[in-house]
> 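So that we are looking at the same thing, I have put the structure below in structure tokens.
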Amino acid sequence: TLAERTNLAGVRHILLVLSGKGGVGKSTISTELALALRSAGKRVGILDVDLCGPSIPRMLRVQDSAVHQCDSGWVPVFVGQDKAIALMSIGFLLERPDDAVVWRGPKKNALIKQFVTDVAWGDLDFLIVDTPPGTSDEHISTVEALRPYRLLGAVLVTTPQ
């Protein structure tokens with residue numbers, strides 16, 4: 001549809017942050033990357049598709065924010081005094097930020113596709129996608145949904161062991 005093409009049309013580069021296991025610091029790396037790119041003068045968005053542990057809203061101190069609708073979809077939450085980082089996370093859609101999300105494949109995959117197509121990102125230099133740990137359906141859904149767009153690449157977060 002036209003909306004699918006236009007919501008990511010202004011995004012120049014997409015960067016996935018991945019890992020083979022949990023607890024290695026993907027969300028921290030995603031957040032630090034966004035802040036570093038922002039301080040280099042880039043327009044940045046973060047898409048937090050870690051459905052089971054959406055920690056980026058808390059890291060950026062916007063966990064109490066709400067997501068609003070506009071004509072072209074969801075409006076991301078803008079972070080910082082200069083509102084320079086756009087953020088979309090499942091954390092904004094939960095009743096309580098600490099709620100665990102226990103969803104099966106089809107529902108998770110539909111939400112990821114919706115996050116990719118229905119968020120009004122506007123013009124961004126970089127969209128950083130914080131993924132869940134491991135190599136699951138969520139990763140396949142995310143990559144499939146992003147395939148039509150310019151995917152810059154991936155950062156694979158590992159630990160020494």
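What's counted below: heavy atoms across the whole structure, side chains too, no hydrogens, waters or symmetry copies.
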> If we only count heavy atoms from C-beta on, is the His68 to Trp74 side-chain gap below 4.5 Å?
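In short, these two side chains do not touch, never coming nearer than 4.5 Å.
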> Give me the atom names and distance for the closest heavy-atom approach of Ala86 to Trp121.
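Nearest heavy atoms, Ala86 then Trp121: O-CZ3, 3.8 Å.
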> At their closest point, which heavy atom of Val79 faces which heavy atom of Asp82, and how far apart are they?
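Nearest heavy atoms, Val79 then Asp82: O-OD1, 4.1 Å.
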> Start with the C-alpha gap between Ile56 and Ser89, add the side-chain angles, then the distance that decides, and say whether side-chain contact (heavy atoms from CB on, under 4.5 Å) holds.
CA-CA 8 Å; Ile56 291 183; Ser89 171; 5.8 Å; no
> For the backbone of Thr117 and the side chain of Asn7, can you confirm whether one donor and one acceptor N or O come within less than 3.5 Å of each other?
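Yes; at least one donor-acceptor contact below 3.5 Å.
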> Could you state the interatomic distance from CG (Asp123) to CZ (Arg12), rounded to the nearest 0.5 Å?
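So the CG of Asp123 and the CZ of Arg12 are separated by 10.0 Å.
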> Please answer: with hydrophobic residues joined when any side-chain heavy atoms are less than 4.5 Å apart, are Met59 and Val129 in the same cluster?
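No, no single cluster joins them.
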> Please round to the nearest 0.5 Å and tell me the distance separating atom CG of Asp118 and atom CE of Met88.
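Here the rounded value is 9.0 Å.
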> For the residue pair Leu37 and Asp125, establish whether any side-chain heavy-atom pair is separated by less than 4.5 Å.
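Of all side-chain heavy-atom pairs linking Asp125 with Leu37, none is under 4.5 Å.
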> What is the distance from atom CG of Leu156 to atom NZ of Lys26, rounded to the nearest 0.5 Å?
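Going from CG on Leu156 over to NZ on Lys26, the span is 9.5 Å.
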> Quick check for you: to the nearest 0.5 Å, what is the distance between Ile46 atom CD1 and Asp130 atom CG?
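If we round to the nearest 0.5 Å, Ile46:CD1 and Asp130:CG are 8.0 Å apart.
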> Considering all heavy atoms of both residues, which atom of Ser55 and which atom of Asp48 are nearest to each other, and what is their separation?
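The answer is N-OD2, 3.8 Å.
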> What distance do Asp71 atom CG and Gln69 atom CD have between them, rounded to the nearest 0.5 Å?
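Rounded to the nearest 0.5 Å, the CG-CD separation comes out at 10.0 Å.
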> Given the rule that I, L, V, M, F, W and Y join up when any side-chain heavy atoms are under 4.5 Å apart, are Leu87 and Leu8 in one cluster?
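Linked, Leu87 and Leu8 end up in one cluster.
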> May I ask you to test the Leu47-Val116 pair for a side-chain heavy-atom distance under 4.5 Å?
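With C-beta onward as the side chain, the pair touches.
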> Would you mind listing the cluster partners of Val75? Hydrophobic ones only (ILVMFWY), side-chain contacts under 4.5 Å, chaining allowed.
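Via sub-4.5 Å side-chain contacts, Val75 links to Phe78.
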> Measure across Gln63 and Arg58 and return the closest heavy-atom pair with its distance rounded to 0.1 Å.
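Minimum heavy-atom contact is OE1-CA, 3.6 Å.
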> Would you check if Gln114 and Leu111 make a side-chain contact, meaning some heavy-atom pair closer than 4.5 Å?
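Gln114 vs Leu111: side chains touch.
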> Would you please name every residue forming a side chain to side chain contact (heavy atoms under 4.5 Å, CB included) with Leu33, sequence neighbours left out?
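Listed in chain order: Leu15, Val17, Ile29, Ile128, Val155.
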> Are Val67 and Val77 side-chain neighbours, meaning at least one heavy-atom pair lies under 4.5 Å?
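Touching, per the 4.5 Å side-chain cut-off.
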